[in-house]
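For reference, the structure discussed in these notes is given below.
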Amino acid sequence: MSQINRSAAQLNATVLANKRIGQYHQIVFGIGDLVKSCRPGNFVAIKVGGESSRMILRRAFAISRVSESVSFGGTMELIVAPHGTGSKWLCSQPEGAEVDIVAPLGTAFGIPTAPVNALLVGGGYGSAPLFGLAEVLKARGCKVDMLLGASTGAKIYAPMEGKRAVNSLKIYTEDGTMGETGRVTEPIKTLIDNREIDVIYSCGPMGMLSAISALTAGTDVVHQCAVEEAMACGIGICMTCVLPVMGEDGKIAMLRSCIDGPVMDGGQVQWQMVGQVPEGTP
Amino acid sequence: MSQINRSAAQLNATVLANKRIGQYHQIVFGIGDLVKSCRPGNFVAIKVGGESSRMILRRAFAISRVSESVSFGGTMELIVAPHGTGSKWLCSQPEGAEVDIVAPLGTAFGIPTAPVNALLVGGGYGSAPLFGLAEVLKARGCKVDMLLGASTGAKIYAPMEGKRAVNSLKIYTEDGTMGETGRVTEPIKTLIDNREIDVIYSCGPMGMLSAISALTAGTDVVHQCAVEEAMACGIGICMTCVLPVMGEDGKIAMLRSCIDGPVMDGGQVQWQMVGQVPEGTP
Amino acid sequence: MADGRPGSGRYTLNTFDFSTTLGNAFFNTPIFTASGCASSGKELAQFFDLRDIGAVVTKSVMNKPRYGRPTPRMAETPSGMLNSIGLQGPGIDAFLAKDVPWLIEQKSRVIVSIAGETVEEYATLARKVRSVAGISALEVNISCPNVENRGLVFACDPDASRRVIDGVRRTIGGEIPIIAKLSPDVTNLPEIARGVVDAGADALALINTVLGMVINLDSMRPHLGGKTGGLSGPAIRPVAVRAIYQVHAALPNVPILGMGGVSSGRDALELILAGASGVSVGTASFGNPSAVIQIQRELHDLLIAKGFPSLKSAIGYAHRVEEE
Amino acid sequence: MADGRPGSGRYTLNTFDFSTTLGNAFFNTPIFTASGCASSGKELAQFFDLRDIGAVVTKSVMNKPRYGRPTPRMAETPSGMLNSIGLQGPGIDAFLAKDVPWLIEQKSRVIVSIAGETVEEYATLARKVRSVAGISALEVNISCPNVENRGLVFACDPDASRRVIDGVRRTIGGEIPIIAKLSPDVTNLPEIARGVVDAGADALALINTVLGMVINLDSMRPHLGGKTGGLSGPAIRPVAVRAIYQVHAALPNVPILGMGGVSSGRDALELILAGASGVSVGTASFGNPSAVIQIQRELHDLLIAKGFPSLKSAIGYAHRVEEE
Ligand SMILES: Cc1cc2nc3c(=O)[nH]c(=O)nc-3n(C[C@H](O)[C@H](O)[C@H](O)COP(=O)(O)OP(=O)(O)OC[C@H]3O[C@@H](n4cnc5c(N)ncnc54)[C@H](O)[C@@H]3O)c2cc1C
Ligand SMILES: Cc1cc2nc3c(=O)[nH]c(=O)nc-3n(C[C@H](O)[C@H](O)[C@H](O)COP(=O)(O)OP(=O)(O)OC[C@H]3O[C@@H](n4cnc5c(N)ncnc54)[C@H](O)[C@@H]3O)c2cc1C
Ligand SMILES: Cc1cc2nc3c(=O)[nH]c(=O)nc-3n(C[C@H](O)[C@H](O)[C@H](O)COP(=O)(O)O)c2cc1C
Ligand SMILES: Cc1cc2nc3c(=O)[nH]c(=O)nc-3n(C[C@H](O)[C@H](O)[C@H](O)COP(=O)(O)O)c2cc1C
Ligand code: FES
Ligand code: FES
């Protein structure tokens with residue numbers, strides 16, 4: 001049997017809670033034993049719009065957290081921005097609704113075997129998977145600092161509970177409505193120059209990931225980023241979600257961000273070429 | 001301004017009640033003052049499937065009854081068979097849901113100015129508009145007898161309250177699970193021969209309407225029937241719902257059952273040619 | 001900033017120019033009904049004032065009265081529908097005597113759509129239309145079977161298309177513009193378009209329905225009385241956008257009346273950016289009797305929100321070459 | 001009751017014959033993946049056993065490795081989607097060395113789909129495929145731009161289509177059947193079909209995607225990196241049914257692998273009644289990773305419920321002439 005999608009299963013998950021937090025919805029699903037296969041960085045693909053919907057493709061969302069509780073069994077939390085018709089539909093699902101999901105999908109953040117100094121950088125709802133990641137890193141003895149940014153305060157997702165797992169948390173908004181005014185990438189250069197961090201984990205808009213990659217380029221800092229490309233299938237069969245990535249052989253390949261990602265090595269992604277194809281294509 | 005669709009309005013109607021009755025759903029909508037324009041025989045066209053539905057056409061349903069109450073204002077009742085995706089969606093709408101309707105549409109049953117002996121014949125959910133009609137006829141001093149038929153008892157719709165308006169009610173089912181075993185058309189010949197009735201009002205499957213027209217042909221009995229043809233628009237603009245009908249000029253015309261019907265003169269409809277076009281078509 | 005580039009909402013409701021032209025015909029707004037989806041106009045008058053929209057495009061009329069095709073004439077399909085009406089209608093004489101005067105009385109702009117089975121029939125229809133005053137344009141629906149050539153649809157045959165338009169052009173003179181309505185079911189749409197423009201069409205209507213079929217799973221035969229039918233509605237919108245974009249790229253100076261699956265202002269804008277000078281709303285009216293006027297309002301507000309100074313500045317805007 | 005007529009459920013799971021053939025290739029079931037919608041098979045193996053379906057049709061492979069088109073490569077449309085992948089792939093050598101052996105090891109039936117830019121490239125690909133054992137059939141995707149003729153898609157040009165198939169036929173010999181995959185974007189599909197059959201195609205695959213476009217309302221330019229894309233999904237099902245019905249009527253003895261918007265057993269049956277001997281499931285797998293196997297189960301049960309003694313007896317049943 002193939003190794004691709006090897007933990008993935010399709011199931012009807014029940015909405016256990018759906019709460020508005022700022023401009024997002026925090027939605028909790030009952031997914032039973034599937035939580036055991038979910039790792040920080042993985043995502044879920046959700047069927048939207050109900051039975052007779054004209055929307056035929058699933059929508060992808062990062063798994064924010066999973067947990068197991070006595071009363072609900074395994075649960076999975078998503079942080080969803082009501083963006084277009086599909087995500088708005090999801091945000092409108094009441095408690096008790098059943099939703100068709102495929103999970104877990106994609107690569108996970110690599111967890112260091114030894115304690116390291118980790119910087120977690122999240123943009124907008126990109127912070128969602130970082131809190132679960134912080135817990136895992138913390139358990140491994142890592143020092144975990146977090147930077148969150150967004151255009152405005154209502155787009156910062158930073159739950160109280162989540163903050164326990166981080167050593168420090170700093171927030172940046174472009175309009176200054178929360179935390180510092182400015183971009184989340186601003187303090188990173190100093191942190192790198194001062195050799196305060198060994199690895200950066202990032203999740204957020206492609207521009208942010210690209211900017212971080214530029215800062216880590218030529219340094220020893222490892223940059224693991226969760227990319228976000230439009231996906232038609234989420235399971236590797238359609239080839240719509242590709243990114244140019246430098247391979248070990250020094251050649252650029254168009255890799256599928258759904259199965260070779262979403263977590264990728266930021267240093268290998270050819271950011272300047274995203275949305276293009278490499279030279280020399282027939 | 002045109003006379004076509006002249007009482008029709010489009011509005012969001014609230015579902016006030018939705019109750020299963022046998023194989024049907026009795027659904028009551030709040031439609032306010034629009035009840036004043038609704039006549040027995042008119043129908044309503046309903047948008048189904050919600051915002052992002054792949055169903056782009058409205059579904060037609062006969063208005064079963066309208067009434068005005070102090071607590072709910074004007075209400076409209078439909079009897080809906082869960083047939084395919086659209087009608088099932090409608091049957092699944094909970095109390096409080098808002099549904100986009102266009103009503104009232106189409107022709108109404110003609111009401112005699114003098115008291116007559118009327119026979120009302122309903123097949124399946126076709127009985128729905130007949131009870132409202134019975135009340136109007138009764139108020140005009142008519143004698144109202146009713147025959148209802150269906151393949152099986154669960155498909156007979158005959159509400160308690162409705163029976164008050166009729167002098168007699170006889171039920172026929174093909175499988176004998178309710179009333180007499182047999183077809184609703186069986187007793188009609190005798191009633192006509194015995195000159196017990198002046199006018200037949202019918203609503204139900206096309207086969208039933210056609211059979212009644214055959215029985216009234218050559219007699220003095222007027223036959224007003226509510227036909228049911230697949231309708232794309234319900235308002236006269238698409239020409240999908242046509243039936244061959246003999247005009248006063250002795251020529252056959254393909255009339256739109258949504259605006260020249262659903263109530264038509266059964267004696268004029270060219271039943272043997274339904275689903276065909278008249279000879280001599282270019 | 002150059003003319004025709006969207007700014008940032010500087011244009012207001014008052015200064016915004018919503019008008020459009022197709023050949024020498026002027027319309028206050030670019031939103032029209034689609035032929036066959038508004039009958040002769042009367043039926044929609046209950047839902048909005050016909051004067052408020054760009055024009056009523058009437059159902060394609062033939063020379064003689066016609067019964068059309070047997071029922072069933074429609075089948076709903078995912079985000080679309082098939083129809084096989086077969087051009088049922090009263091014939092051109094009754095139509096010009098009754099339906100057109102009513103529309104003109106309402107002060108509605110009228111585009112008459114004609115359909116024929118021979119090149120000769122089209123010319124006859126054009127001659128009759130010419131004799132009536134008050135018509136803004138003539139839409140020539142050439143997606144009809146050519147009885148003189150094995151029933152091959154005119155619009156699928158470059159030569160037959162040209163001959164129809166040529167005959168119409170010569171009959172009607174230069175008074176009212178000719179809009180040739182094309183079928184997307186061809187290998188090379190720009191070629192057909194170029195042919196009819198060379199033959200005298202002032203504008204093009206794109207697209208007619210896409211040929212389709214549904215098998216009824218009860219009878220296990222084709223569901224429609226006419227077996228095949230025309231697919232319309234949102235399902236075909238990407239085909240319409242492609243067709244308009246392709247033809248506008250090939251013939252940038254020929255105005256296009258776009259249609260196909262438009263059911264919101266954003267859909268209409270998509271067709272306009274692709275190259276349509278006006279947009280007809282068809283199937284959407286079946287699901288929503290007020291669709292035409294609602295779409296018009298949405299388009300108006302959207303154009304202003306996007307910062308276009310006028311409808312005209314948005315036409316074909318997706319083709320611009322300058323770098324942002 | 002004559003053979004091939006549905007009875008009333010007399011056939012049970014045990015006696016029902018679900019098998020089909022395309023040319024001389026035999027398949028246990030008539031449900032396949034669609035080229036480009038299952039990659040090379042591995043990705044779906046988590047969701048069902050590849051041995052259980054009729055065959056895996058692999059993504060069209062070219063002679064050389066290929067990056068494909070720039071992103072965005074997809075746009076969702078009402079009940080459909082556009083794609084513009086541009087045949088990204090590893091090239092035939094790597095494909096035959098790695099992907100095909102894996103599938104054969106899984107005991108999956110394999111149909112290899114090839115795509116080229118010249119008549120010569122198709123022949124080269126066919127020669128390479130011929131050298132590998134265990135392949136059930138060759139699907140020749142001719143909906144590709146012909147670099148030798150102004151990028152005109154092979155499948156839109158009767159002559160170029162014929163030459164491709166002729167070249168493949170002569171290279172591959174008679175061992176495995178050739179399935180020519182056609183585009184619906186042509187004026188006369190039966191003509192193209194007849195041409196490729198005359199040139200040696202054993203079967204036809206109908207339909208490839210329909211050419212479409214979406215304009216992005218933010219950038220106000222074509223949304224896809226490749227500007228136009230192929231429309232697939234339920235939106236195009238009526239076009240697929242029509243294409244299959246038309247071609248089966250014209251060439252009743254040529255087996256058809258049908259596809260286009262199939263997302264349930266009832267959809268698959270529609271295509272089979274129209275004339276398909278097998279059905280490929282494409283876009284439906286994107287929305288539902290188990291779609292192929294679920295559709296297969298539903299079709300199986302539906303055929304039995306309708307009283308067909310075998311899959312074969314349902315093929316083209318909508319064309320029957322006898323009165324009921
Ligand atoms: C790996 C991954 C993880 C993600 N995690 C989250 C998350 O945790 N929270 C969250 O709110 N959103 C997340 N997104 C983005 C989310 O998938 C889109 O917001 C959503 O698909 C939009 O669908 P729609 O119907 O609301 O919008 P529409 O714009 O109507 O969607 C139309 C089509 O475009 C695609 N699309 C639109 N926007 C995006 C986008 N930004 N990224 C990818 N596809 C898009 C849709 O999937 C759909 O196919 C993630 C995306 C990816 C690929
Ligand atoms: C004037 C009129 C009055 C009606 N009154 C009632 C009523 O009171 N109660 C009731 O239960 N039903 C009534 N019907 C039938 C009802 O419209 C159909 O059952 C319903 O449209 C089926 O839609 P669906 O999506 O459930 O089925 P589907 O089969 O999925 O519908 C597919 C398409 O076919 C059309 N269609 C399918 N069946 C019919 C049908 N029998 N008649 C017309 N169009 C059909 C649908 O409108 C739709 O466009 C009436 C129909 C008409 C024309
Ligand atoms: C029921 C129906 C009838 C139509 N009749 C005509 C017609 O008579 N003449 C014509 O040129 N187009 C006719 N059309 C095509 C429409 O004018 C339009 O080109 C097509 O439906 C695409 O637009 P839409 O998706 O907005 O409906 C008809 C379409 C439908 C759905
Ligand atoms: C993302 C995607 C990629 C495709 N790639 C190919 C391909 O490589 N070769 C091919 O012959 N067809 C390709 N197709 C077309 C499909 O095989 C199929 O013919 C078409 O999508 C219609 O079927 P569907 O509606 O079930 O998807 C592709 C379709 C999609 C959606
Ligand atoms: S989303 Fe389909 S391959 Fe990645
Ligand atoms: S349903 Fe459209 S004309 Fe009657």
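Both the backbone and the side chain of B:Ser52 come within contact range of chain A, with heavy atoms under 4.5 Å apart. Both the backbone and the side chain of A:Ser53 come within less than 4.5 Å of a heavy atom in chain B.
More than 12 non-hydrogen atoms from other residues, nucleotides or ligands lie less than 6.0 angstrom from CD of B:Glu68.
For the atom pair CZ of A:Arg54 and CD of B:Glu51, the computed distance is 7.5 Å after rounding to the nearest 0.5 Å.
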